Amino acid sequence: MTLIDLTAAPLARPTNAHLPVAIIGAGPVGLAAAAHLLGRGIDFVVLESGPSVGANVRAWGHTRLFSPWRHLVDPAARRLLE
Ligand SMILES: Cc1cc2nc3c(=O)[nH]c(=O)nc-3n(C[C@H](O)[C@H](O)[C@H](O)COP(=O)(O)OP(=O)(O)OC[C@H]3O[C@@H](n4cnc5c(N)ncnc54)[C@H](O)[C@@H]3O)c2cc1C
């Protein structure tokens, strides 16, 4: 049996390294990504098509969550909030 080498090749320095990371969508996942980038000191911009952050979540915000908060909040976001 032959095993496939899944080791990631080292990245060459991209020519657009001076640009910020573009995060598409300010939902829970996009905001968690932003929190991680902030923690690493990496520039980013969040692009949201809705009228505000969390536009999709706000649409059903009247509904009770089925998950406890500790399972919903990303660790990097929690550190910022604290
Ligand atoms: C009624 C309901 C209750 C839920 N309860 C729970 C729960 O208790 N626990 C749980 O873990 N999950 C729950 N979920 C699921 C949870 O909401 C989703 O898993 C979560 O919102 C996904 O986050 P996301 O950031 O990937 O996507 P979304 O929340 O969908 O966010 C995506 C964002 O991107 C924006 N967007 C989309 N397209 C573009 C574009 N082309 N350019 C720019 N912006 C764009 C949208 O406007 C939106 O703000 C629930 C879902 C529903 C519907």
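Keep in mind that this is a model prediction, so the values were computed, not measured. These values consider heavy atoms only, across backbone and side chains, with no hydrogens, waters or symmetry-generated copies. In each ligand, atom 1 is the first atom listed, and ligand 1 is the first ligand listed.
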**Residue, atom name and distance, where the atom is the protein heavy atom closest to atom 3 (C) of ligand 1** = Trp60 CZ3, 3.3 Å
**Request:** Would you mind listing which atoms of ligand 1 come within a distance below 4.0 Å of any non-hydrogen atom of Ala55?
**Result:** 47 (O), 49 (O)
**Item:** Check against side-chain contact (heavy atoms from CB on, under 4.5 Å), Phe66 and Leu72
**Value:** CA-CA 10 Å; Phe66 54 76; Leu72 293 171; over 6 Å; no
**Asked** Does the protein place any heavy atom closer than 4.0 Å to atom 19 (O) of ligand 1?
**Response** no
**Message:** What protein heavy atom lies closest to atom 44 (N) of ligand 1? Include the residue and the distance to one decimal.
**Reply:** Ser49 N, 3.0 Å
**Message:** I'd like the name of whichever of Leu72, Leu47, Val46 reaches closest to atom 10 (C) of ligand 1 through any heavy atom.
**Reply:** Leu72
**Request:** Tell me which protein heavy atom sits closest to atom 29 (O) of ligand 1, plus the residue, atom name and distance to 0.1 Å.
**Result:** Pro28 CD, 3.3 Å
**Complete:** atom 26 (O) of ligand 1: closest protein heavy atom, distance to 0.1 Å, is Val29 CG2, 3.2 Å
**Item:** Selected option - heavy-atom contact closest to atom 31 (O) of ligand 1, from Gly25, Gly27, Gly30
**Value:** Gly27
**Item:** Val57: numbered ligand 1 atoms lying under 4.0 Å from its heavy atoms
**Value:** 21 (O), 29 (O)
**Request:** Give yes or no for whether the N/O distance cutoff of 3.5 Å, strictly under, is met between Leu65 and ligand 1.
**Result:** no
Check: residues 24-48 side-chain donor-acceptor pairs under 3.5 Å, at least two apart:
residue: His36; atom: ND1; partner: Arg40; partner atom: NH1; Å: 3.4
residue: His36; atom: NE2; partner: Asp74; partner atom: OD1; Å: 3.2
residue: His36; atom: NE2; partner: Asp74; partner atom: OD2; Å: 2.8
residue: Arg40; atom: NH1; partner: His36; partner atom: O; Å: 3.3
residue: Glu48; atom: OE1; partner: Ala26; partner atom: N; Å: 2.7
residue: Glu48; atom: OE2; partner: Gly50; partner atom: N; Å: 2.6

**Item:** Test item: protein heavy atom less than 4.0 Å from atom 15 (C) of ligand 1
**Value:** no
**Asked** Of the backbone atoms (N, CA, C, O) and the side-chain heavy atoms from C-beta on, which set of Phe66 has a member under 4.0 Å from an atom of ligand 1: side chain, backbone, both, or neither?
**Response** both
**Asked** Do any non-hydrogen protein atoms sit less than 4.0 Å from atom 53 (C) of ligand 1?
**Response** yes
**Asked** What residue and heavy atom of the protein are closest to atom 30 (O) of ligand 1, and at what distance?
**Response** Asn56 ND2, 2.6 Å
**Message:** Please list, in number order, the atoms of ligand 1 under 4.0 Å from a heavy atom of Ile24.
**Reply:** 40 (C), 42 (N), 43 (C)
**Message:** Test your reading of the structure: does Ser67 have an N or O sitting under 3.5 Å from an N or O of ligand 1?
**Reply:** yes
**Item:** Contact check: Glu48 vs ligand 1, nitrogen or oxygen atoms, below 3.5 angstrom
**Value:** yes
